[in-house]
Participant: 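Pasting a structure below so you can have a look.
Below, each value reflects all heavy atoms present in this structure, side chains not excepted, and no hydrogens, waters or symmetry copies. What you are looking at is a predicted structure, and each value in this text was computed from that prediction instead of being measured.
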Amino acid sequence: MIDRPAFTLGIEEEYLISDAETLSLVREPDERFIEECKVKTSNKTTNEYMQCQLEVGTAPHATVSSASQELADLRGTVAEIAQRFDYSIVAASTHPFATWRDQTHTRKERYDTLREDLGQSARRLLICGMHTHIGIEDNNLRIDLMNQVSYFLPHLLALSCSSPFWEGDDTLLSSYRLTVFDSLPRTGLPDTLNSFAEYECLVSHMVEAGCIEDGSKLWWDIRPSSKFPTIEQRITDVCSLHADAMTITAVYQSLIAYLFRLRSMNQRWRSYPRTLINENRWRAQRYGMGQPLVDHGKTALCPFNELAEEIIELVLEDAAELGCERELVRVREIVARGTSAERQRANFARARNEGQSKEDALRTVTRKLAEEFLLGI
């Protein structure tokens with residue numbers, strides 16, 4: 001019998017560095033800014049692929065509330081340092097008006113190799129995401145729960161969408177980030193695997209063939225972490241609001257605990273072909289919460305608010321045991337208020353109706369995103 005996992009969690013967020021006055025991206029931030037962020041956050045801040053990006057990552061936490069406090073502190077520290085350099089920080093998966101051709105990648109051997117290997121696809125990676133790790137100590141259990149929770153990845157994406165604009169245009173997608181990221185190899189939904197040994201065999205095959213160096217080059221929407229004994233979900237956009245990030249983290253942690261509880265009763269979530277899950281992935285990418293997703297159990301489209309209520313009902317017991325019930329039920333607030341993508345579009349429309357030019361309206365959208373980054377921290 002497998003012991004109940006710890007369900008510890010850790011969060012990584014990627015941010016954009018913009019000029020506080022013009023709101024344009026800072027192509028080459030002052031090296032002192034990055035170094036000070038690293039020092040003040042005890043090396044929990046790192047460079048990202050683009051020089052105009054940075055990433056923060058929490059330590060492992062037992063509860064969502066403790067992770068929330070650390071992530072708020074990290075956001076606050078980075079924002080405070082940014083102000084001294086006349087920068088502002090934006091948590092959105094794309095910048096409303098920046099162009100990727102104007103940006104340059106961080107000069108590291110790893111990133112130099114990535115650009116050489118992926119060509120133009122890598123040059124376009126002006127995107128940010130949020131990755132959430134849940135600790136599962138048993139290797140085979142990690143694979144089993146990863147297979148099952150993949151059904152819910154589109155739902156997590158729909159709650160997080162923050163990338164409607166690309167190079168100054170409304171893409172009509174809620175998560176354009178995935179359009180950019182999916183141009184890379186080894187992305188999207190993972191293969192269904194029968195065991196951890198099968199996963200290791202897959203990675204070894206690709207390493208021996210000379211395709212990848214290690215499992216970190218599998219950029220699936222969800223994967224066994226190559227560094228930690230965790231299931232790492234990578235499908236979500238980065239949330240403009242800190243509270244939304246914690247709600248999505250609570251949903252993910254509670255879903256994993258719920259699926260383990262099913263297993264302990266000799267039950268499991270039904271497996272569906274990737275094509276069916278991908279249909280919901282696309283619908284979430286395109287519409288966010290604005291259009292129904294497919295309830296594959298009913299073989300019918302279902303409004304997102306109803307699906308959200310069903311998820312809350314499914315995992316409420318587990319959320320209570322994990323101590324994240326308050327964050328979980330806040331899903332209702334996201335559904336009622338909308339995602340960052342919806343707010344960005346509303347702010348753009350409002351600015352245009354007030355007579356602002358398209359360029360000024362996009363700067364207004366970016367300014368609002370910078371303001372949201374500071375809320376709740």
Side-chain angles (χ1 to χ4, degrees), residues 7 9 11 64-65 68 93 129-130 132 134 145 148-164 173-175 178 189 221-222 233-259 261-262 269-270 272 276-346 376:
F7 300 122
L9 61 107
I11 305 163
V64 172
S65 60
S68 175
S93 283
M130 177 179 76
T132 311
I134 302 297
L145 296 182
Q148 294 184 65
V149 82
S150 293
Y151 179 92
F152 297 97
L153 293 179
H155 305 73
L156 297 177
L157 173 62
L159 288 166
S160 72
C161 292
S162 68
S163 50
L173 275 69
S174 295
S175 177
L178 282 189
L189 293 170
D221 293 338
I222 189 169
Q233 78 78 14
R234 303 161 47 83
I235 196 171
T236 46
D237 277 6
V238 65
C239 294
S240 303
L241 293 171
H242 167 261
D244 287 3
M246 302 322 303
T247 290
I248 291 167
T249 299
V251 174
Y252 179 51
Q253 186 191 37
S254 299
L255 280 168
I256 295 291
Y258 165 72
L259 294 171
R261 179 159 58 90
L262 285 185
W269 197 259
R270 182 181 173 185
Y272 292 91
L276 297 182
I277 308 304
N278 266 324
E279 185 61 25
N280 269 346
R281 184 183 190 270
W282 160 248
R283 294 185 66 85
Q285 178 183 352
R286 170 66 176 86
Y287 303 111
M289 302 182 299
Q291 292 291 327
L293 298 184
V294 182
D295 183 326
H296 289 299
K298 299 176 181 176
T299 320
L301 289 171
C302 185
F304 189 83
N305 65 315
E306 295 180 13
L307 294 174
E309 286 297 330
E310 288 182 6
I311 291 174
I312 291 172
E313 182 178 349
L314 281 177
V315 306
L316 192 60
E317 175 184 335
D318 306 279
E321 186 172 355
L322 293 166
C324 63
E325 184 177 358
R326 179 174 61 87
E327 290 87 356
L328 172 75
V329 298
R330 196 178 166 278
V331 164
R332 294 173 180 139
E333 184 176 331
I334 298 178
V335 171
R337 173 182 32 78
T339 62
S340 175
E342 292 169 284
R343 294 194 302 280
Q344 288 179 54
R345 287 193 171 109

Participant: Just how far is it from atom CG of Leu153 to atom CD1 of Ile277, taken to the nearest 0.5 Å?
Facilitator: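 Rounded to the nearest 0.5 Å, the CG-CD1 separation comes out at 8.5 Å.
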Participant: Can any side-chain N or O of Ser254 pair as donor or acceptor with the backbone N or O of Asp318 at less than 3.5 Å?
Facilitator: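 Side chain of Ser254 to backbone of Asp318, a donor-acceptor pair under 3.5 Å: no, none is there.
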Participant: For the pair Phe152 and Trp269, name the ring-plane relationship: parallel under 30°, tilted 30 to 60°, perpendicular over 60°.
Facilitator: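 Tilted: the ring planes of Phe152 and Trp269 meet at 30° to 60°.
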Participant: How close do Ile222 and Val149 get, counting heavy atoms only, and between which atoms?
Facilitator: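 Here Ile222 and Val149 meet closest at CD1-CG1, 3.4 Å.
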Participant: Please list, chain by chain and in numerical order, all residues satisfying salt bridge (Lys or Arg N to Asp or Glu O under 4.0 Å) with Glu279, sequence neighbours excluded.
Facilitator: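 Result, salt bridge (Lys or Arg N to Asp or Glu O under 4.0 Å) vs Glu279: none returned.
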Participant: Nearest 0.5 Å, what's the CZ-CG distance between Phe304 and Leu159?
Facilitator: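 Phe304 CZ to Leu159 CG: 4.0 Å, rounded to 0.5 Å.
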Participant: Do Trp282 and Leu173 make a side-chain contact, defined as non-hydrogen atoms from C-beta onward lying under 4.5 Å apart?
Facilitator: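 With C-beta onward as the side chain, the pair touches.
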Participant: Could you check Asn280 against Arg283 for side-chain contact (heavy atoms from CB on, under 4.5 Å), going step by step and ending with a plain yes or no?
Facilitator: CA-CA 5 Å; Asn280 269 346; Arg283 294 185 66 85; 4.2 Å; yes
Participant: Side-chain donor-acceptor pairs under 3.5 Å in residues 241-252, sequence neighbours left out?
Facilitator:
unit_1, atom_1, unit_2, atom_2, d
His242, NE2, Ser68, O, 3.0
His242, NE2, Ser68, OG, 3.4
Asp244, OD1, Arg330, NH1, 2.8
Asp244, OD1, Arg330, NH2, 3.1
Asp244, OD1, Arg337, NH2, 3.0
Thr247, OG1, Ala243, O, 3.3
Thr247, OG1, Glu327, O, 3.2
Thr247, OG1, Arg330, NH1, 3.3
Thr249, OG1, Ala245, O, 2.8
Tyr252, OH, Ile231, O, 2.9

Participant: Not counting sequence neighbours, which residues clear salt bridge (Lys or Arg N to Asp or Glu O under 4.0 Å) with Glu317? List them please.
Facilitator: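 Glu317 satisfies salt bridge (Lys or Arg N to Asp or Glu O under 4.0 Å) with Arg261 once adjacent residues are dropped.
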Participant: Please report the interatomic distance CG(Leu307) to CD1(Ile312), rounded to the nearest 0.5 Å.
Facilitator: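 Here the rounded value is 11.5 Å.
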Participant: Does any N or O in the side chain of Gln344 come within less than 3.5 Å of the main-chain N or O of Ser163, such that one atom is a donor and the other an acceptor?
Facilitator: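 No, Gln344 side chain to Ser163 backbone: no donor-acceptor pair under 3.5 Å.
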Participant: Out of curiosity, Ile235 CD1 to Leu157 CG, how far, rounded to the nearest 0.5 Å?
Facilitator: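 If we round to the nearest 0.5 Å, Ile235:CD1 and Leu157:CG are 5.0 Å apart.
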Participant: Listed by chain and number, what are the salt bridge (Lys or Arg N to Asp or Glu O under 4.0 Å) partners of Arg343, not counting sequence neighbours?
Facilitator: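 For Arg343, the residues satisfying salt bridge (Lys or Arg N to Asp or Glu O under 4.0 Å) (neighbours in sequence not counted) are Glu372.
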Participant: Taking it one step at a time, do Leu293 and His155 satisfy side-chain contact (heavy atoms from CB on, under 4.5 Å)?
Facilitator: CA-CA 8 Å; Leu293 298 184; His155 305 73; 3.9 Å; yes
Participant: Taking Ser93 for its side chain and Val238 for its backbone only, find out whether a donor-acceptor pair lies under 3.5 Å.
Facilitator: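 Pair found, side chain donor or acceptor close to backbone of Val238.
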Participant: Taking only residues two or more places apart in sequence or in another chain, which ones pass side chain to side chain donor-acceptor pair (under 3.5 Å) with Arg286?
Facilitator: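 Arg286 satisfies side chain to side chain donor-acceptor pair (under 3.5 Å) with no other residue.
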Participant: What heavy-atom pair brings Tyr258 and Val315 nearest, and what distance separates the two atoms?
Facilitator: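 Tyr258 and Val315 have their closest heavy atoms at CB-CG1, 3.7 Å.
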Participant: Given Leu322 and Val64, is the side-chain contact (heavy atoms from CB on, under 4.5 Å) satisfied, shown in steps?
Facilitator: CA-CA 8 Å; Leu322 293 166; Val64 172; over 6 Å; no
Participant: From Ser65 OG over to Arg326 CZ, what is the distance, rounded to the nearest 0.5 angstrom?
Facilitator: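 If we round to the nearest 0.5 Å, Ser65:OG and Arg326:CZ are 7.5 Å apart.
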Participant: Which residues pass the salt bridge (Lys or Arg N to Asp or Glu O under 4.0 Å) test with Arg332, not counting sequence neighbours?
Facilitator: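 In terms of salt bridge (Lys or Arg N to Asp or Glu O under 4.0 Å), with neighbours along the sequence ignored, Arg332 is linked to Glu309.
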Participant: Salt bridge or not between Lys298 and Glu310? Use side-chain N to carboxylate O under 4.0 Å.
Facilitator: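 Yes.
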Participant: Grab the two heavy atoms, one from Cys161 and one from Ser175, that are nearest each other, plus how far apart they are.
Facilitator: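 Minimum heavy-atom contact is SG-CB, 4.0 Å.
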Participant: Which atoms form the tightest heavy-atom contact between Val335 and Ala308, and what is the distance?
Facilitator: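 That would be CG2-CB, 4.1 Å.
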Participant: With rounding to the nearest 0.5 Å, note down the distance linking CG in Leu316 to CG in Leu328.
Facilitator: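 Interatomic distance, Leu316 CG to Leu328 CG, rounded to 0.5 Å: 6.0 Å.
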Participant: Could you go step by step and tell me if Cys324 and Gln253 meet the side-chain contact (heavy atoms from CB on, under 4.5 Å) rule?
Facilitator: CA-CA 9 Å; Cys324 63; Gln253 186 191 37; 3.8 Å; yes
Participant: Give a yes or no on whether the backbone of Cys239 and the side-chain of Ser340 come within a donor-acceptor separation of less than 3.5 Å.
Facilitator: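 No; zero donor-acceptor contacts below 3.5 Å.
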